[in-house]
Amino acid sequence: MDKDIVYVGMDLGTFKTSVASSTGLRDELHSAVGWPKDHYARTLLGRDVVFGKDLIEHRLALDVVRPFERGVLKYNNAKECGLRPEDVKKHHEAARLLVDHAVALTRPTKGAPVYGVIGAPSRATVANKQVILEAAQGAFDAVMIVPEPFTIAYSMNRLSDTLVVDIGAGTIDLCPIYGTYPSEEEQVTIPIGGDFVDETFMERIRLTYPQAQFSRHMVREIKEKYGFVHDVNEKVVVSLPVNGKPTQFDVTVPLREACRSIIEPIVKGLGELIGRVDPEFQHRMLQNIVLGGGGSQLRGLDRVIEEAMTPYGGAKVRRVGDAVFAGAVGALKLAMGLPPESWKRLHGVQHASKISL
């Protein structure tokens, strides 16, 4: 590792992005960019582009773009996600600004080369990876795109006999780790995640309490604070306005149903994945399933998946200790551990997609 080089690991998430750097700094921010809607908003905010917590606090005054929402740019293409052609350019610009800002948060040494590893969905296409590479062009001197589950496994030193399930906002990625870099064919990407849970929760609330008023941000906060999937007695009562008046609502059933909506796809994906593994290693991997990403924090998810895997002879499921930074730290460890000759071949972002580990 060259002391004059700054290494950065980035988990470029659909909802949140985390970064970790060899400078010793780490940070996280919303995977979104905001532009003031008019001159008055620009005067209020005092800047042309807004990131981080200010996006939430001033969102009514901003044109907010989440460039990777619903898998746009990262997994699906713009047409599949219903993105209008005139908005594609803005999403690309938002992705570039987001990566630039995330790297700047690590305060890299002025003038030092910046080498980085960025996580992407397991089955991201060549076109998707190219979009990420183009977004990284101004922030990195050399960059590598790797599967997000692989960076989680790398952060935990679980580099053999492991099945990683990375539950993000836009996708759920499943990847077998068995001592070598996984091929694309060995991985599974499910095109739903935390955003899907939020949308399902909103639908359930509307059906149950049509008089309740709420925003997507409010629903996401409820899920993140109370989300659960188990059958143990739980009661979730929250305050939502009705014509402006705070009113108590029991959202236990809608919340549980929404959170459980990802279980069947995960179990199906694990079954598909384990069926591809050498039979002699299937049991070992089933005893070492790791849940990462923000969705891994749903209470009871590890136990429910274990129960659902009973037909496969049982499983042992663990959650990562740090769901926020596990991917970024693993990407940083990978970046710092690559031999110098690999970075020499990668130098120049435009060639990064041609290099394999």
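- In this structure, Lys37 contributes its side chain and Leu60 its backbone to a donor-acceptor pair below 3.5 Å.
- Glu186 and Ser183 share a side-chain donor-acceptor pair at under 3.5 Å.
- Ser22 places a side-chain N or O within 3.5 Å of a backbone atom of Tyr7 that can act as its donor or acceptor partner.
- With hydrogens and angles disregarded, a donor-acceptor distance shorter than 3.5 Å links the side chain of Thr200 to the backbone of Phe196.
- A donor-acceptor pair under 3.5 Å is absent between the side-chain atoms of Arg47 and the main chain of Trp35, judged by distance alone.
- Shortest non-hydrogen contact noted between Tyr115 and Phe140 is C-CD2, 4.0 Å.
- In this structure, Ser21 contributes its side chain and Val8 its backbone to no donor-acceptor pair below 3.5 Å.
- Nearest heavy-atom pair across Ala102 and Thr17 is CB-CG2, 4.3 Å.
- Using bins of under 30°, 30° to 60° and over 60° for the plane-to-plane angle, the ring pair Phe15/His30 lands in the perpendicular bin.
- The nearest pair of heavy atoms linking Gly138 to Asp100 is C-OD1, 3.9 Å.
- With hydrogens and angles disregarded, no donor-acceptor distance shorter than 3.5 Å links the side chain of Thr162 to the backbone of Ile177.
- Although no hydrogens or angles enter the test, the distance criterion places no donor-acceptor pair under 3.5 Å between the side chain of Tyr181 and the main chain of Val146.
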